[in-house]
Amino acid sequence: MNIKNGLRSLLIFFHLDLTKNLEYDRLTESIMKRVIKRDSNCIDVGCHKGEILNSILKYAPEGKHFAFEPIPYLFTQLENKFKNKAVIYSYALSDKSGVSSFQLVKNAPAYSGINKRKYDISNPEIEEIKVELKMLDEIIPVETKINFIKIDVEGAEFGVLKGAKSLLIKNRPTVIFECGLGASDYYNTDPILLYNFMTQTVGLKIYTLRAFIKNNQPLTASDFEHCYKKNTEYYFIASI
């Protein structure tokens with residue numbers, strides 16, 4: 001574990017939410033500990049360096065796990081790190097198959113994605129590469145029950161969800177996903193359409209991470225739209 005990841009783990013452990021992202025990291029860890037069972041099958045979309053996949057393996061050592069990371073050097077690192085522990089794919093996920101340009105932010109790879117977006121750094125160094133697009137519905141075996149999915153793809157989350165429509169309806173897994181201004185709007189995401197897709201088409205309820213942990217009520221459509229438009233929250237959980 002490097003110094004940065006070690007500091008992050010300590011801040012999460014002691015509930016020191018110095019930033020919104022650290023709070024989301026802590027809440028995500030708490031939720032995974034609660035909902036993931038030893039034999040749960042999980043998917044990590046936007047695996048990056050594998051922090052969430054590490055937790056998935058900790059909580060579900062007997063499950064079958066799938067991870068997706070289109071940045072070539074990160075994909076190679078993940079393959080080496082998680083060999084025989086998870087199936088790693090180099091695809092970018094969407095609601096269609098094909099080939100797409102992909103914006104690799106070389107000095108801040110966590111911001112990388114299919115479309116350019118707002119970057120909270122000065123002078124982002126962007127290299128445009130080509131990636132293969134796939135849908136979750138064409139990759140995950142139909143007979144494999146999926147219990148948990150995490151999606152963090154810098155604004156393209158709704159496309160990933162639509163490309164997993166059959167999987168979501170069949171399994172109704174717990175889904176943690178990002179949706180917020182500065183990223184999702186660069187993919188023309190309509191928060192009401194996303195809300196209706198997850199609640200009416202799939203049959204899940206949407207909560208803020210904090211509300212889910214506290215067993216509070218799920219968000220209404222107007223609540224979710226307000227969170228989106230005011231950017232008060234940008235990580236959510238969908239669950240039965």
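- No donor-acceptor pair closer than 3.5 Å links the side chain of R117 to the backbone N or O of Y186.
- I149 and I237 fall into different hydrophobic clusters, where Ile, Leu, Val, Met, Phe, Trp and Tyr side chains are chained together by heavy-atom contacts under 4.5 Å.
- Considering every non-hydrogen atom in both L133 and K96, the closest pair reads CB-O, 3.6 Å.
- Atoms OG and CD1, from S55 and I31 in turn, are 12.5 Å apart once rounded to the nearest 0.5 Å.
- Listed for the Y195 side chain is no donor-acceptor partner under 3.5 Å among the backbone atoms of S222.
- Follow the hydrophobic side-chain contacts under 4.5 Å out from V153 and you never reach I71; the two are in separate clusters.
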Open item on the list: Quick one, L194 with F224, criterion side chain to side chain contact (heavy atoms under 4.5 Å, CB included). Give me CA distance, side-chain angles, the key distance, then yes/no.
Closed with: CA-CA 10 Å; L194 190 156; F224 185 72; 4.0 Å; yes
- [ ] Output, in order, the C-alpha distance, side-chain angles, deciding distance and verdict of side-chain hydrogen bond (donor to acceptor under 3.5 Å, both in side chains) for E29 and Y59.
- [x] CA-CA 10 Å; E29 187 74 19; Y59 298 126; 2.8 Å; yes
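- Between the side chain of S184 and the main chain of L181, no donor-acceptor pair closer than 3.5 Å is present.
- Between K106 atom NZ and Y73 atom OH the span is 9.5 Å, to the nearest 0.5 Å.
- The existence of a salt bridge linking K83 and E79 is excluded, since no basic side-chain nitrogen approaches an acidic carboxylate oxygen closer than 4.0 Å.
- Looking at K130 and S101, their side chains come closer than 4.5 Å, going by heavy atoms from C-beta outward.
- Heavy atoms only, all atoms of each residue included: H48 and L78 are closest at O-CD1, 3.3 Å.
- Side-chain atoms of I151 and I176, non-hydrogen and from C-beta on, never get closer than 4.5 Å to each other.
- Transitive grouping of hydrophobic side chains (ILVMFWY, heavy atoms separated by less than 4.5 Å) brings L193 and L161 into a common cluster.
- Taken from CG in N147 to OG1 in T174, the straight-line distance is 8.0 Å, to the nearest 0.5 Å.
- Cation-pi geometry between K150 and F148 is not met at under 6.0 angstrom from the ring centre and within 45 degrees of the axis.
- In this structure, C179 and Y228 have side chains that are in contact, with non-hydrogen atoms separated by less than 4.5 Å.
- Dense packing is recorded around NZ of K145, with more than 12 heavy atoms of other residues, nucleotides or ligands lying under 6.0 Å away.
- Nearest heavy atom pair, residue L204 against residue I240, reads CD2-N, 3.6 Å.
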Open item on the list: Before you tell me yes or no, could you show the steps for Y235 and N21 under side-chain hydrogen bond (donor to acceptor under 3.5 Å, both in side chains), namely the whole-Å CA-CA distance, both residues' side-chain angles and the distance that decides it to 0.1 Å?
Closed with: CA-CA 9 Å; Y235 259 96; N21 282 337; over 6 Å; no
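- Remark: the backbone N or O of D185 is not paired with any side-chain donor or acceptor of T189 at under 3.5 angstrom.
- Taking CG of L57 as the reference point, atom NZ of K81 lies at 9.5 Å (rounded to 0.5 Å).
- Within 6.0 Å of CD in E62 there are more than 12 heavy atoms belonging to other residues, nucleotides or ligands.
- The closest donor-acceptor contact from the side chain of H226 to the backbone of A221 lies at 3.5 Å or more, if one exists at all.
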TODO: Would you sort out whether F75 and I88 count as a side chain to side chain contact (heavy atoms under 4.5 Å, CB included), showing the intermediate values?
DONE: CA-CA 7 Å; F75 165 73; I88 313 295; 3.6 Å; yes
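- A perpendicular orientation is assigned to the rings of Y24 and Y234, their planes being inclined by more than 60° (bins at 30° and 60°).
- In terms of modelled atom types and a separation under 3.5 Å, the side chain of E138 and the main chain of M135 share a donor-acceptor contact.
- Rounding to the nearest 0.5 angstrom, the gap separating the CD atom in E125 from the OH atom in Y119 is 12.5 Å.
- Ion pair K170/E143 not flagged as a salt bridge, since none of the NZ, NE, NH1 or NH2 atoms sits closer than 4.0 Å to an Asp/Glu carboxylate oxygen.
- With a 4.5 Å cut-off on side-chain heavy atoms, T28 and I52 count as touching.
- Using a 4.5 Å heavy-atom cutoff, the side chains of T199 and K205 are not in contact.
- Counting heavy atoms from C-beta outward, I129 and V131 have side chains that approach closer than 4.5 Å.
- Contact check for C42 versus I56: side-chain heavy atoms found under the 4.5 Å cut-off.
- The minimum heavy-atom distance linking I139 with K134 is given by the pair CD1-CB, 3.5 Å.
- Cluster membership check: L104 does not share its hydrophobic cluster with Y111, using side-chain heavy-atom separations under 4.5 Å among Ile, Leu, Val, Met, Phe, Trp and Tyr.
- Note that NZ of K162 and CG of L136 are 14.0 Å apart. Values are rounded to the nearest 0.5 Å.
- Side chains of V45 and E157 form no contact here, defined as non-hydrogen atoms less than 4.5 Å apart.
- Relative orientation of the F66 and Y89 rings is parallel, given thresholds of 30° and 60° on the angle between their planes.
- In this structure, K49 does not pair ionically with E69, as no charged nitrogen and carboxylate oxygen lie closer than 4.0 Å.
- Listed for the D137 side chain is a donor-acceptor partner under 3.5 Å among the backbone atoms of S166.
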Task: Test log, rule side chain to side chain contact (heavy atoms under 4.5 Å, CB included), inputs F68 and V160 - done: CA-CA 11 Å; F68 296 82; V160 176; over 6 Å; no
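- Side-chain contact of Y187 with E154: a donor-acceptor pair under 3.5 Å is absent, judged by distance alone.
- Between the side chain of N171 and the backbone N or O of I146, at least one donor-acceptor pair lies under 3.5 Å.
- Note on V99 and Y91: separate hydrophobic clusters, where clusters join Ile, Leu, Val, Met, Phe, Trp and Tyr whose side-chain heavy atoms are under 4.5 Å apart, directly or indirectly.
- Contact detail for V175 and L168: the closest heavy-atom pair is CG2-CD2, 4.0 Å.
- At distances below 3.5 Å, not a single donor-acceptor pair connects side-chain atoms of T144 with backbone N or O atoms of I140.
- Taking every heavy atom of both residues into account, A92 and P70 meet most closely at N-CB, 4.0 Å.
- Side chain of D95 to backbone of A164: no donor-acceptor contact under 3.5 angstrom is found.
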TODO: Mind running side chain to side chain contact (heavy atoms under 4.5 Å, CB included) on I213 and L27 for me, showing each step along the way?
DONE: CA-CA 8 Å; I213 287 174; L27 296 174; 3.5 Å; yes
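- Classification of R210 and E23 as a salt-bridged pair holds, one side-chain N sitting under 4.0 Å from a carboxylate O.
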